[in-house]
There are 2 protein chains.
Amino acid sequence: MTEEPRWLTDREQRAWQAYRRMFLLLNAQLARDLGQDSGLSEPDYDVLSSLGAGPRHRRRISDLADHMLWSRSRLSHHLARMEKRGLVVREECDTDGRGAIVALTEDGLLTLDQAAPLHVESVRRHFIDLLDPEQIDAFAGIGERVVNRLAPTGDDG
Amino acid sequence: MTEEPRWLTDREQRAWQAYRRMFLLLNAQLARDLGQDSGLSEPDYDVLSSLGAGPRHRRRISDLADHMLWSRSRLSHHLARMEKRGLVVREECDTDGRGAIVALTEDGLLTLDQAAPLHVESVRRHFIDLLDPEQIDAFAGIGERVVNRLAPTGDDG
DNA sequence: GACAAGTAGATGACACGTCAACCATGGCCC
DNA sequence: GGGCCATGGTTGACGTGTCATCTACTTGTC
């Protein structure tokens, strides 16, 4: 007992508890919806939509990893699983012999197009539509504050 | 294109993005701290602290699962791993032949006592202390609203 | 007390994520 | 152009989480 730790106050405790439970339950629910609606996991959807958003539905792998804040290893593993299911394909990179490119397959694109609106609805139903405009903005502010402290791409002073 | 989905507005998009990234980065950071400080994963810590909080540092397994909002399967798997490491032990339940009880070992209790203040500091550093009191309360309100819609133990009207 | 239905918990198979190790190429420097 | 390190990407091992299934016990009913 050399340094008294600053425990959490009741209000802080409440916020912390809210954080824990919200993510636990919300993630679970969104994953459930996504799986039932489209047969995708959340990571699947993230990959598909990140690819779908870019030009020509393809992207350099490390670029994609950086954009998604995923480790290269994680992405590599996940792409392997998705490639096996025919959602994406790997291609060679002309300009860098080490590099590789992932592209949506037709099937991947179709799946994404079908999944997207349902997923948006799910996000609305379980999260966005529960909050009033002020809460939306407040949440964005809070999240960005936390992220800016942690993100490799922001100054963390 | 039978039903036009209600896409997210920019502000909603911002909140949603904040949610995703906050969760991703904050969890990763807390897990990293916890692992380095105490050799525990977040789930490890959750189990230890839930046990430590109760009387006699022991608890009925299903009771613990309900409290933590974990599936019984998940808890069972995790307890197996923790038992192997000597942090907890399973005991028989006197009043219910099916049941089982988990208890902290001495080692588990010691580990928890050492981990707790460091973990609290980590939570403060990366989350709580970044927010002003209004944000704390706002966040708690948002989280509870979302949770109350999803929690099995709340009415979801 | 026997039998059906439910509950507590464990288990196996599989998807996911991390870490460390690895291989290949690229870029640099002399 | 040979040596060296950095980078892009993959792989293997392992811890974690989910679902479905299974066993054992309890409870209720007759």
Quick one: list whatever passes side chain to side chain contact (heavy atoms under 4.5 Å, CB included) with [X], sequence neighbours left out.
| X | result |
| --- | --- |
| B:Gln114 | B:Leu110 |
| B:Ala138 | none |
| B:Leu130 | A:Arg145, A:Val146, A:Arg149 |

Span of DNA chain C in contact with chain B (heavy atoms, under 4.0 Å):
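Under 4.0 Å from chain B, the extent on DNA chain C is C:dG6 to C:dA13.
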Side-chain contact, heavy-atom cut-off 4.5 Å: [X] with [Y]?
| X | Y | answer |
| --- | --- | --- |
| B:Arg60 | B:Cys93 | yes |
| A:Arg14 | A:Gln17 | no |
| B:Leu109 | B:Leu51 | no |
| A:Gln135 | A:Asp132 | yes |
| B:Pro43 | B:Arg74 | yes |
| A:Arg20 | B:Asp46 | yes |

Length of the line joining [X]:[atom1] and [N]:[atom2], which is rounded to integer Å:
| X | N | atom1 | atom2 | result |
| --- | --- | --- | --- | --- |
| A:Lys84 | D:dT11 | NZ | P | 10 Å |
| A:Leu64 | D:dG8 | CG | C1' | 13 Å |
| A:Leu34 | D:dT18 | CG | C1' | 15 Å |
| A:Phe23 | D:dG17 | CZ | C1' | 18 Å |
| A:Arg59 | D:dG9 | CZ | C1' | 17 Å |
| A:Arg72 | D:dT7 | CZ | P | 9 Å |
| A:Leu24 | D:dG17 | CG | P | 10 Å |
| A:Ile61 | D:dT10 | CD1 | C1' | 9 Å |

Considering heavy-atom distances to DNA chain C, does A:Ser71 or A:Thr95 have its closest nucleotide positioned more toward the 5' end?
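The residue mapped nearer the 5' terminus is A:Ser71.
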Does [X] reach a base, just sugar-phosphate, or nothing at all? Heavy atoms under 4.0 Å.
| X | result |
| --- | --- |
| B:Arg90 | sugar-phosphate |
| B:Arg32 | nothing |
| A:Arg74 | base |
| A:Arg60 | sugar-phosphate |
| A:His77 | base |
| A:Ser62 | sugar-phosphate |

Hey, what bend do you get for the helix from C:dG1-D:dC30 to C:dC30-D:dG1 if you fit axes on five pairs at each end, rounded to 10°?
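If I round to tens, the end axes sit 10° apart.
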After noting the C-alpha distance and the side-chain angles of A:Leu64 and A:Ser50, does the key distance pass the side-chain contact (heavy atoms from CB on, under 4.5 Å) rule?
CA-CA 8 Å; A:Leu64 182 58; A:Ser50 292; 3.6 Å; yes
Would you sort out whether B:Tyr19 and A:Asn27 count as a side-chain contact (heavy atoms from CB on, under 4.5 Å), showing the intermediate values?
CA-CA 11 Å; B:Tyr19 166 86; A:Asn27 272 1; 2.6 Å; yes
Could you list, one pair per line, each protein nitrogen or oxygen that sits under 3.5 Å from a nitrogen or oxygen of nucleotides 20-24 of chain D, together with the distance?
none

With A:His119, which of A:Leu34, A:Leu40, A:Asp37 fulfils side chain to side chain contact (heavy atoms under 4.5 Å, CB included)?
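Of all the options given, the one that passes is A:Leu34.
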